[in-house]
Amino acid sequence: GQEFRFGHCRVQGVELQKLRKAFWTVKDTVQAQDHNTSVRLLRKEILQNVSDAESCYFIRSLLKFYLKTVFKNYYNKTTELQILRSFSTLTNNFIVIISKLQPSEENEMFSIIESAHRQFLHFQGAFKQLDTDAALTKAIGEMDILLTWMEKYYQ
Amino acid sequence: HIGEDASNLLQHVKFQSSNFENILTWDSGPGSTSDTVYSVEYKTYGESKWLAKEGCQHVTRKSCNLTTETGNLNEFYYARVTAMSARGQTATMISHRFGLMQDTTIKPPDVTCIPKVRSVQMIIHPTSTPIHAEDGHQLTLEDIFQDLLYRLELRDNHTYKLHLEGKQREYEFVGLTPDTEFLGNIMIIAPYYSKESAPYMCRVKTLPDPTWT
Amino acid sequence: LADGVAVLPAPQNLSVHSANMKHLLTWSPVVVPGEIIYYSVEYQGEYEILYLSHLWIPSHWCSSTKGPQCDITDDITATVQYNLRVRATLGSQTSAWSTLEHPFNRNSTILTPPKIKVTKDGFHLVIELEDLGPQFEFYVVYWRNEPGAKEHVQVVKSGGIPVHLETMEPGARYCMKAQTFVKAIERHSAFSQAECIEVQGDAL
């Protein structure tokens with residue numbers, strides 16, 4: 001079956017098409033709430049600078065941020081059932097992914113970890129520059145960018 | 001995005017994309033007249049500058065080809081239309097966020113069906129797209145959708161179906177009865193993006209078996 | 001009774017029966033003679049349990065259902081622990097929630113060997129597998145029924161469609177068996193019983 005290969009991290013048991021379908025059902029609703037079309041959090045430069053070796057560390061930081069900050073706070077903004085259900089599919093599959101990401105922490109990985117973290121901080125920095133609600137909405141609306149990037153590691 | 005007055009002159013601004021040919025379309029509103037003119041601008045998501053689309057300024061038609069301007073697979077785009085009525089009323093409406101990979105649909109493939117005595121051969125021709133690689137060469141659908149595959153079905157008149165599926169472009173249904181009519185259906189599938197083309201259909205008849213006469 | 005007001009009892013004996021990735025939540029019905037009782041089902045995935053424990057999501061199909069059961073397959077969309085709860089409603093009265101004693105994880109589903117139908121058309125060896133839904137792939141093993149024959153394996157992506165396996169030779173006997181594989185839980189079923197078929201001896 002298919003699996004994610006983020007560098008040397010392997011993740012099975014998650015069907016990326018299901019995540020894309022779940023987001024697809026709410027994409028237009030969420031993106032329509034993002035009126036700031038001049039700012040993109042997951043900028044191309046950030047994603048292109050993440051090397052294969054860094055990808056495991058980067059995706060782990062990013063998904064943790066999405067779970068602990070983005071989804072947690074955005075849930076309070078929505079009572080729309082379809083959004084709740086789609087988010088439940090996304091967040092619970094993100095939990096599966098994170099639980100299976102076991103990056104090595106040996107010393108020689110330090111520079112890679114550092115570099116991956118720097119890319120994550122670029123994203124987080126852009127997030128913090130926006131008003132909270134706008135940032136939450138933009139981050140959720142950019143899930144298709146995140147899923148498209150994850151697809152490169154899905155084989 | 002939609003102001004109360006805007007929908008009076010303008011409605012349903014959206015991208016319609018097929019095999020990466022990206023056309024912006026819109027509808028007039030109840031308040032617009034035949035001499036209402038429209039101007040199109042576009043931009044990459046994350047950029048601040050809107051760019052005017054040459055050839056779609058002050059036009060009366062309600063579509064604009066933005067294929068060239070929205071041709072990067074890794075980008076997302078917005079377009080907006082400004083309507084100006086003869087009475088000086090103006091309205092602007094923005095599209096949804098447009099991404100090529102997720103928003104384009106796939107057209108039926110181009111196929112040559114070749115009947116033989118006991119088989120039917122099917123040759124699927126590559127589908128080129130307006131997308132170019134960094135080195136300039138034109139990309140096909142197979143280049144773009146890594147998981148693209150073809151699903152072929154051959155049905156005789158007794159609703160019996162033969163199935164073949166794969167990534168290669170040449171197939172042969174073998175072991176068929178001579179001098180019999182078959183209907184072929186060939187579709188392109190990109191599973192990851194849940195895309196499926198309409199089928200290309202060919203009706204063929206296997207050749208009579210000369211050894212039977 | 002509570003302060004003299006009839007209180008609707010909460011449903012009891014919640015349990016989940018799961019087979020081939022179809023998950024059915026059942027409970028003992030609340031009985032009020034002459035009345036129709038409706039039930040509401042809600043769920044929490046591991047994320048909601050960890051980060052939003054107050055949040056319960058109404059089941060896709062059973063936000064108000066009569067039968068004492070609910071197909072929760074479309075609610076369970078990740079291979080994590082899920083909490084499930086049910087309550088009864090009669091007019092303006094609603095019972096307390098009853099929560100499933102142990103959280104449910106779909107990786108505990110029972111996978112049965114697939115039903116297979118072997119047919120031939122002329123010299124075509126064709127198999128049709130049970131349609132178990134999009135989460136199932138099938139490994140089909142087939143061989144020519146003679147000493148030392150080599151086993152062939154073919155992955156079939158979906159059931160319910162006749163699949164051409166091989167063009168057979170006259171007079172030969174072919175056998176096959178199949179098992180299911182579910183990517184989402186990374187498990188496969190046992191093999192089905194082998195089935196065989198023979199092609200008449202005279203060539204065309």
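Letters A, B, ... are given to chains in the order of the sequence lines, protein chains preceding strands, and every chain is numbered from 1.
Side chain of Arg85(A) to backbone of Ser59(C): a donor-acceptor contact under 3.5 angstrom is found. Within the 3.5 Å criterion, the main-chain N or O of Glu46(C) finds a donor-acceptor partner in the side chain of Asn92(A).
Other residues, nucleotides and ligands contribute more than 12 heavy atoms inside 6.0 Å of the NE2 atom of His152(C). Within 6.0 Å of CH2 in Trp97(C) there are more than 12 heavy atoms belonging to other residues, nucleotides or ligands. Environment of NE2 in His188(C): sparse, with no more than 12 heavy atoms of neighbouring residues, nucleotides or ligands closer than 6.0 Å. Surrounding NZ of Lys120(C) are more than 12 heavy atoms belonging to other residues, nucleotides or ligands, all under 6.0 Å away. The local environment of NZ in Lys100(A) is crowded, with over 12 non-hydrogen atoms from other residues, nucleotides or ligands closer than 6.0 Å. Open room surrounds CD on Glu101(C); 12 or fewer heavy atoms of other groups in view lie less than 6.0 Å from it. Atom NE2 of His60(C) is surrounded by more than 12 heavy atoms from other residues, nucleotides or ligands within 6.0 Å. Counting non-hydrogen atoms of other residues, nucleotides and ligands closer than 6.0 Å to NE2 of His102(C) gives a total of 12 or fewer.
Looking at Leu55(C) and Leu84(A), their side chains come closer than 4.5 Å, going by heavy atoms from C-beta outward. With a 4.5 Å cut-off on side-chain heavy atoms, Gln135(C) and Glu15(A) count as touching.
Proximity to chain C (any heavy atom under 4.5 Å) is shown, for Phe71(A), by both the backbone and the side chain. For chain C, the nearby part of Lys18(A) is the side chain; its heavy atoms alone come within less than 4.5 Å. Heavy atoms closer than 4.5 Å to chain A are found nowhere in Ile76(C), neither backbone nor side chain. Heavy-atom distances place the side chain of Ile95(A), and not its backbone, under 4.5 Å from chain C.
Heavy atoms only, all atoms of each residue included: Asn93(A) and Thr77(C) are closest at ND2-O, 2.9 Å. Across every non-hydrogen atom of Leu81(A) and Pro58(C), the tightest pair is CD1-CD, 3.6 Å.
Screening Leu90(A), Leu67(A), Thr89(A) for a side chain to side chain contact (heavy atoms under 4.5 Å, CB included) with Tyr47(C), the sole residue that qualifies is Leu67(A).
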**Message:** For a side chain to side chain contact (heavy atoms under 4.5 Å, CB included) check, start with the C-alpha distance between Thr91(A) and Glu48(C), then their side-chain angles and the critical distance, and finish with the verdict.
**Reply:** CA-CA 9 Å; Thr91(A) 53; Glu48(C) 288 81 26; 3.9 Å; yes
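Ion pair Glu186(C)/Arg10(A) not flagged as a salt bridge, since none of the NZ, NE, NH1 or NH2 atoms sits closer than 4.0 Å to an Asp/Glu carboxylate oxygen.
With rounding to the nearest 0.5 angstrom, the CG atom of Leu52(C) is 11.5 Å from the CZ atom of Phe87(A). Atoms CD and OG1, on Gln12(A) and Thr79(C) in that order, are 11.5 Å from each other to the nearest 0.5 Å. A distance of 11.5 Å separates OG in Ser88(A) from CH2 in Trp56(C), rounded to the nearest 0.5 Å.
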